[in-house]
Amino acid sequence: MQIASITALIKQSARQAGFDLAGIAPARDFAELQHFPRWIAEGKAGEMKYMEARDQSANLKRASLRHVAPWARSVIVGAINYNTQHPCSNQIADPDRGWISRYAWSRDDYHDAVMRRLRRLEKDLRTGNGSLTTDLQTRCYVDTGPIVERVYAKYAGVGWIGKNTCIIHQRQGSWLFLGVILTSLDLAYDFPAPDRCGTCTRCIDACPTDALIAPYQLDANKCISYLTIEKRGAIPEEIRDGMGRHLFGCDICQDVCPWNRKAPTTSAPEFQPREGLVNPALEWLAEMKCDEFRERFRASPIRRAKLSGLRRNAVIAMGNSGQRKFQATLERLSSDPDPVVAGHARWAARKLAASGV
Ligand code: SF4
Ligand code: SF4
């Protein structure tokens, strides 16, 4: 089968599998990847050790596909819109409640939802390209593989990398889950998506912790998404004020992005929110017990924060709420058996007491 025909089949198959956008990039070392080793060396990845995974020759795996899949010739990138008809974080002001990032509301774990579609596409690729199937190699990744997906998404024409470091499509916006298939096939490649950020700096201006240290550059150590999801143990005191009432992740730099104003919404049942996760009550999460955490967040990305992290985040949010009515709860939590929760509760209680509200 001709390259053009296989490529057309992949695009058609991607649509049928449920991807809203799909494109193909060559498996090259694009210029953006050259910054990755320095970003790691400067400690901008925080404690995310998996980002520093190296091959046997001590090369950073994520710096080049040659380090992890030297056989790969092409990268197929699929994107799924997960936006739903619910308000943005900057449209909600109830101080008793906090924010869970939009991507984590869904009924199904997005890794599974995207991987299901990738597997279907991979199957079509293997069964649909005739004589080329014999020595075809493929590998699917959703979010956790040793590949910087957004770089390949850009070169596959799926969207440009915004100054907020997210992939943005001019019609779909940036509420996108990405999945990739590496393949040994040579395919017809898409053009990279042009950068449409222009002179806008809304995301940089709106970031409450100055985590966007320059356009297109994130310091994870300051990013609320990293702090609330990946960071274990104590959160540096100097950054807690800026975390506001974020409980898991942060959507601010996407909520303010003009390209999301008219972003379409999905009606797919798997991406509709679980009950109670849009703008949840702070006290509910601060006092959550192990059994409820396991039950409520079964197959949810929120499990990544672990119960201790989620409760720690809720306690910080209570301290930032200005609501003196949380004082009694915080004082009780100051002697919680979890020392992380207890330590942050003491900080939050002191902050509320000092606020004089
Ligand atoms: S996710 Fe939040 S904290 Fe992180 S860069 Fe965006 S606005 Fe800043
Ligand atoms: S807010 Fe503006 S600068 Fe930031 S990603 Fe969106 S368009 Fe680009």
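One-based numbering, in listed order, for ligands and for the atoms of each.
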Open item on the list: So if I count the atoms of ligand 1 from 1 in the order they appear, which ones are less than 4.0 Å from some heavy atom of Ser225?
Closed with: 1 (S)

- [ ] Check whether the ring centres of Tyr82 and Tyr110 lie less than 6.0 Å apart, and answer yes or no.
- [x] no

Open item on the list: Using heavy atoms and a 4.0 Å limit, tell me yes or no: is Leu218 in contact with ligand 1?
Closed with: yes

TODO: Note the single closest protein heavy atom to atom 8 (Fe) of ligand 1, along with its residue, its atom name and the distance in Å.
DONE: Cys207 SG, 2.3 Å

TODO: For ligand 1, note which part of Thr165 has a heavy atom under 4.0 Å away: side chain, backbone, both or neither.
DONE: neither

Open item on the list: What protein heavy atom lies closest to atom 6 (Fe) of ligand 2? Include the residue and the distance to one decimal.
Closed with: Cys257 SG, 2.4 Å

Open item on the list: I need the nearest protein heavy-atom contact for atom 4 (Fe) of ligand 1: residue, atom name and distance, please.
Closed with: Cys223 SG, 2.4 Å

TODO: Using a strict cut-off of 4.0 Å, indicate which atoms of ligand 1 neighbour a heavy atom of Ile252.
DONE: 7 (S)

Task: Contact partition for Ile224 relative to ligand 1, non-hydrogen atoms under 4.0 Å - done: both

TODO: Group every Ile, Leu, Val, Met, Phe, Trp and Tyr by side-chain heavy-atom contacts under 4.5 Å, then state whether Leu185 and Leu182 land in the same group.
DONE: no

Open item on the list: Show the atoms of ligand 1 that are less than 4.0 angstrom away from any heavy atom in Thr209.
Closed with: 3 (S)

Task: Cys253 backbone or side-chain N/O/S under 2.8 Å from atom 6 (Fe) of ligand 1 - done: yes

- [ ] Please determine, by modelled atom types, if Tyr155 and Glu32 share a side-chain donor-acceptor pair under 3.5 angstrom.
- [x] yes

- [ ] Could you tell me if the ring centre of Trp105 sits under 6.0 Å from that of Trp175?
- [x] no

TODO: Examine ligand 2 and decide if any of its atoms is less than 4.0 Å from a heavy atom belonging to Ile204.
DONE: no

